[in-house]
Amino acid sequence: MILTNHKDFNLKQTFDCGQCFRWDMNESGVFVGVAGGYVIEAFQTEKEIIIDCPDEDFIIEYFDLKRDYGKIKNSINKDEIIKAAIQLGGGIRLLKQEPWETLVSFIISANNNIPRIKKIINTLCQSYGEKIWHKGEKYYTFPSPEKLAVLTREDLAPIKSGFRDKYIIDAAQKIASGRIDLSSIYNMGSDEGRHVLKQIKGVGDKVADCVLLFAYQKFDVFPKDVWIKRIITNLYNISEKDIDAFVEKKFSSLGGFAQQYLFYFGRC
DNA sequence: GTACAGGTTCCGT
DNA sequence: ACGGAACCTGTA
């Protein structure tokens with residue numbers, strides 16, 4: 001699959017704005033990731049983006065290719081700060097990721113750093129995911145809730161997730177038993193979805209909001225991690241308790257997009 | 001050695 | 001209800 005008109009799509013920005021953990025660049029500058037049960041390769045030149053995946057429909061959905069990001073950027077371009085952020089990270093796309101994988105990934109992200117988050121997820125997949133062969137190399141899918149629901153904390157010890165192990169198991173059990181139905185959240189509003197997700201141990205507002213935004217495309221939510229709090233308080237001179245009201249007033253239903261541009265801007 | 005990391009839970013007022 | 005300490009592990 002080759003995309004030629006990609007002014008609103010940049011691979012590095014998309015994979016580097018903190019929404020995903022399973023994409024890496026190899027020696028040749030090709031991004032390789034596992035999603036939707038496929039090993040996907042993506043490469044960007046000045047003129048085109050080349051994506052290698054057997055399922056084109058999946059790619060269109062995963063990279064949110066039907067959406068007009070130019071229009072979104074215009075809508076949220078309210079001041080010089082967000083304007084600069086859009087200038088820097090205007091190629092970010094919000095990936096539509098698997099709810100279960102996104103949920104566990106952000107449970108693991110709690111009080112953690114990105115290299116270690118990636119390492120833990122990678123080890124979890126190697127230990128309990130399904131093997132996929134690609135160009136003579138082994139890759140692994142993200143393990144199912146059923147597979148993880150029967151594990152003990154001792155079983156998970158090798159992945160070194162620390163105190164988060166019990167949260168992963170709790171999530172797996174609640175999903176596998178059907179006590180929580182992740183697919184039902186697609187049809188919920190953000191507040192209702194957040195309430196459901198927070199029934200899982202290790203899921204608070206921040207983790208729930210990341211899942212709502214990165215898996216369910218609830219674009220009105222604005223996940224507030226320590227970085228975005230620093231960025232908003234410093235750049236906009238807003239106190240921490242006023243962030244919600246500020247974001248709602250400025251970006252309303254498109255807060256999630258603004259969050260990603262500002263996050264990327266603040267960290268680069 | 002010790003501080004701290006994309007947060008949440010637990011335990012004290 | 002509310003605020004602070006504790007939490008696994010790895011790295012600086």
### Message
Rounding to an integer number of Å, can you tell me how far A:Asp165 CG sits from B:dT9 C1'?
### Response
14 Å
### Task
Measure from CZ on A:Phe163 to P on C:dT9 and round the result to the nearest Å.
10 Å
### Query
Using a cut-off of 4.0 Å on non-hydrogen atoms, how would the nucleic acid contact of A:Ile120 be classed: base, sugar-phosphate, or nothing?
nothing
### Task
Determine the interatomic distance between P on B:dC11 and the same-named atom on C:dC8; round to the nearest Å.
12 Å
#### Entry: Atom pair distance, as rounded to whole Å: CZ in A:Phe106 and C1' in B:dA5
15 Å
### Task
Remember a base hit wins even if backbone is also touched, and classify A:Ile107 as base, sugar-phosphate or nothing at under 4.0 Å, heavy atoms.
nothing
### Query
Under the 5.5 Å and 30° test, is A:Phe263 stacked on the base of B:dG6?
yes
### Task
Starting from P on B:dG7, measure out to CD1 on A:Ile200 and report it in whole angstrom.
18 Å
### Message
Output the rounded distance in Å from CD (A:Gln199) to P (B:dT9).
### Response
12 Å
### Message
Please classify the nucleic acid contact of A:Gly204 as base, sugar-phosphate, or nothing, using heavy-atom distances under 4.0 Å.
### Response
sugar-phosphate
### Message
Measuring from the side chain of A:Ile117 (C-beta onward, heavy atoms only), which nucleotide among C:dC8, B:dG6, B:dA5 has the closest atom?
### Response
B:dG6
### Message
Under a 3.5 Å threshold, yes or no: a donor from one side chain and an acceptor from the other, between A:Asp79 and A:Tyr236?
### Response
yes
### Query
Rounded to the nearest Å, what distance is computed from the CG atom of residue A:Asn111 to the C1' atom of nucleotide B:dA5?
6 Å
### Query
For the pair made of NZ in A:Lys229 and C1' in B:dG7, what is the distance, rounded to whole Å?
9 Å
### Task
May I ask you to decide whether A:Glu61 forms a salt bridge with A:Lys66, counting only side-chain N to carboxylate O separations under 4.0 Å?
no
### With A:Phe257, the ring-ring contact (aromatic ring centres under 6.0 Å, His included) member among A:Phe222, A:Tyr69, A:Phe263, A:Phe251
A:Tyr69
### Atom-to-atom span, OH of A:Tyr167 to P of C:dT9 - whole angstrom
14 Å
### Donor-acceptor contact below 3.5 Å, side chain A:Gln19 vs main chain A:Leu95
yes
### Task
Please work out if A:Asp205 contacts a base, only the sugar-phosphate, or nothing of the nucleic acid, heavy-atom cut-off 4.0 Å.
sugar-phosphate
### Task
Mind checking A:Arg267 for me? I need base, sugar-phosphate or nothing, with any heavy atom below 4.0 Å counting as a touch.
nothing
### Query
With both distances under 3.5 Å as the test, what is the Watson-Crick or G-U wobble partner of B:dA5?
C:dT9
### Message
Quick check: on DNA chain B, is the nucleotide nearest A:Arg230 upstream (toward 5') of the one nearest A:Lys198, or the reverse? Name the residue that is more 5'.
### Response
A:Arg230
#### Entry: Over-ring placement of A:Arg93 relative to A:Phe9, 6.0 Å and 45° cut-offs
yes
### Query
Can a donor-acceptor pair under 3.5 Å be found between the side-chain atoms of A:Arg116 and the base atoms of C:dC8?
yes
### Query
Hey, what's the ring geometry for A:Tyr216 with A:Tyr186, parallel, tilted or perpendicular (30° and 60° as the breaks)?
perpendicular
### Message
Rounding to an integer number of angstrom, what distance separates C:dC2 and B:dG6 when you compare their P atoms?
### Response
27 Å
### Task
Could you check which of B:dG6, C:dT11, C:dT9 has an atom nearest any side-chain atom of A:Lys160?
C:dT9
